[in-house]
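Quick caveat, the model's predicted, so the values are computed rather than measured.
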Amino acid sequence: QVQVAESGGGLVQPGGSLRLSCEASGFIMDDYAIGWFRQAPGKEREGVSCISARNGITTYVDSVKGRFTISRDVAWNTVYLQMTSLKPEDTAVYYCAAPIMNYYSGSACLLAEYDLWGQGTQVTVSS
């Protein structure tokens with residue numbers, strides 16, 4: 001079965017850190033671009049960070065540059081999102097996604113290209 005599953009969310013104080021994991025099954029992550037997206041209450045889903053297939057080119061939304069890092073572990077078929085210096089505005093449900101049907105391989109977080117989604121993991125930044 002082709003799927004992705006996120007883990008690692010939780011409640012953290014402002015300035016804290018979390019590492020989200022996206023584990024894939026049924027396909028090789030390195031063959032596809034992988035993206036992290038988030039959706040806060042009342043807001044549209046936005047691309048946070050994406051990594052291209054094979055060569056690992058990364059992109060970040062401006063609001064997380066310098067604080068978040070996306071990486072891929074080929075051996076474990078997992079993509080991570082390391083989040084540091086977290087802010088209350090980072091509070092959202094975070095989703096991992098892959099463009100399985102479209103076979104998109106680029107680094108841009110093009111929402112329309114991504115068709116396989118995880119169930120999401122809640123990140124809450126609050127004191």
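Under the side-chain hydrogen bond (donor to acceptor under 3.5 Å, both in side chains) criterion, S63 pairs with R38, not counting sequence neighbours. In this view, T84 and S17, R67, Q82 satisfy the side chain to side chain contact (heavy atoms under 4.5 Å, CB included) rule, not counting sequence neighbours. Applying the side chain to side chain contact (heavy atoms under 4.5 Å, CB included) rule to T58 yields the partners I51, Y60, I70; only residues at least two apart in sequence or on another chain are considered.
Here W117 and F37 bring their ring centres to under 6.0 angstrom of each other. Aromatic ring centroids of Y104 and Y32 lie 6.0 Å or more apart.
Under the 4.5 Å side-chain criterion, counting only non-hydrogen atoms from C-beta, C109 is in contact with T59. Residues T69 and Y80 are not in side-chain contact: their nearest non-hydrogen atoms beyond the backbone lie 4.5 Å or more apart. Counting heavy atoms from C-beta on, the side chains of F27 and L116 come closer than 4.5 Å.
Note that CE of M29 and OG1 of T78 are 6.5 Å apart. Values are rounded to the nearest 0.5 Å. Between M83 atom CE and L20 atom CG the span is 3.5 Å, to the nearest 0.5 Å. Atom CG of L11 is separated from atom OG of S127 by 9.5 Å, given to the nearest 0.5 angstrom. Within the model, atoms CG of D30 and CZ of R72 stand 4.5 Å from one another, a figure rounded to the nearest 0.5 Å. Atom CH2 in W36 sits 7.5 Å away from atom OG1 in T121 (nearest 0.5 Å). Interatomic distance, CG of L81 versus OG of S71, reported as 8.5 Å (0.5 Å rounding).
No continuous path of ILVMFWY side-chain contacts below 4.5 Å connects V93 to V123, so the two sit in separate hydrophobic clusters. I34 and V61 fall within a single hydrophobic cluster, where Ile, Leu, Val, Met, Phe, Trp and Tyr are joined by side-chain heavy atoms under 4.5 Å apart, directly or via other members.
Under 3.5 Å, the side chains of E23 and S21 contain no donor-acceptor pair of N or O atoms.
Of all heavy-atom pairs between G106 and A33, the closest is O-CB, 3.1 Å. Looking at every heavy atom in both residues, V64 comes nearest to V48 through CG2-O, 3.8 Å. Considering every non-hydrogen atom in both T91 and V125, the closest pair reads OG1-N, 2.9 Å. Scanning all heavy atoms of the two residues, the minimum distance from C50 to S107 falls at CB-O, 3.3 Å. A pairwise comparison of heavy atoms in P14 and S126 identifies CD-C, 3.6 Å as the closest pair. Across every non-hydrogen atom of Y114 and A108, the tightest pair is OH-O, 4.2 Å.
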Should T124 and V12 be marked as a side-chain contact (heavy atoms from CB on, under 4.5 Å) after you check the CA-CA gap, both sets of side-chain angles, and the distance that decides it? CA-CA 6 Å; T124 302; V12 63; over 6 Å; no

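Between the side chain of Q122 and the backbone N or O of G9, no donor-acceptor pair lies under 3.5 Å. Remark: the backbone N or O of I28 is not paired with any side-chain donor or acceptor of N77 at under 3.5 angstrom. Judged by distance alone, with hydrogens and angles left aside, the side-chain atoms of Q39 form no donor-acceptor pair with the main-chain N or O of E44 at under 3.5 Å. Although no hydrogens or angles enter the test, the distance criterion places a donor-acceptor pair under 3.5 Å between the side chain of D90 and the main chain of K87.
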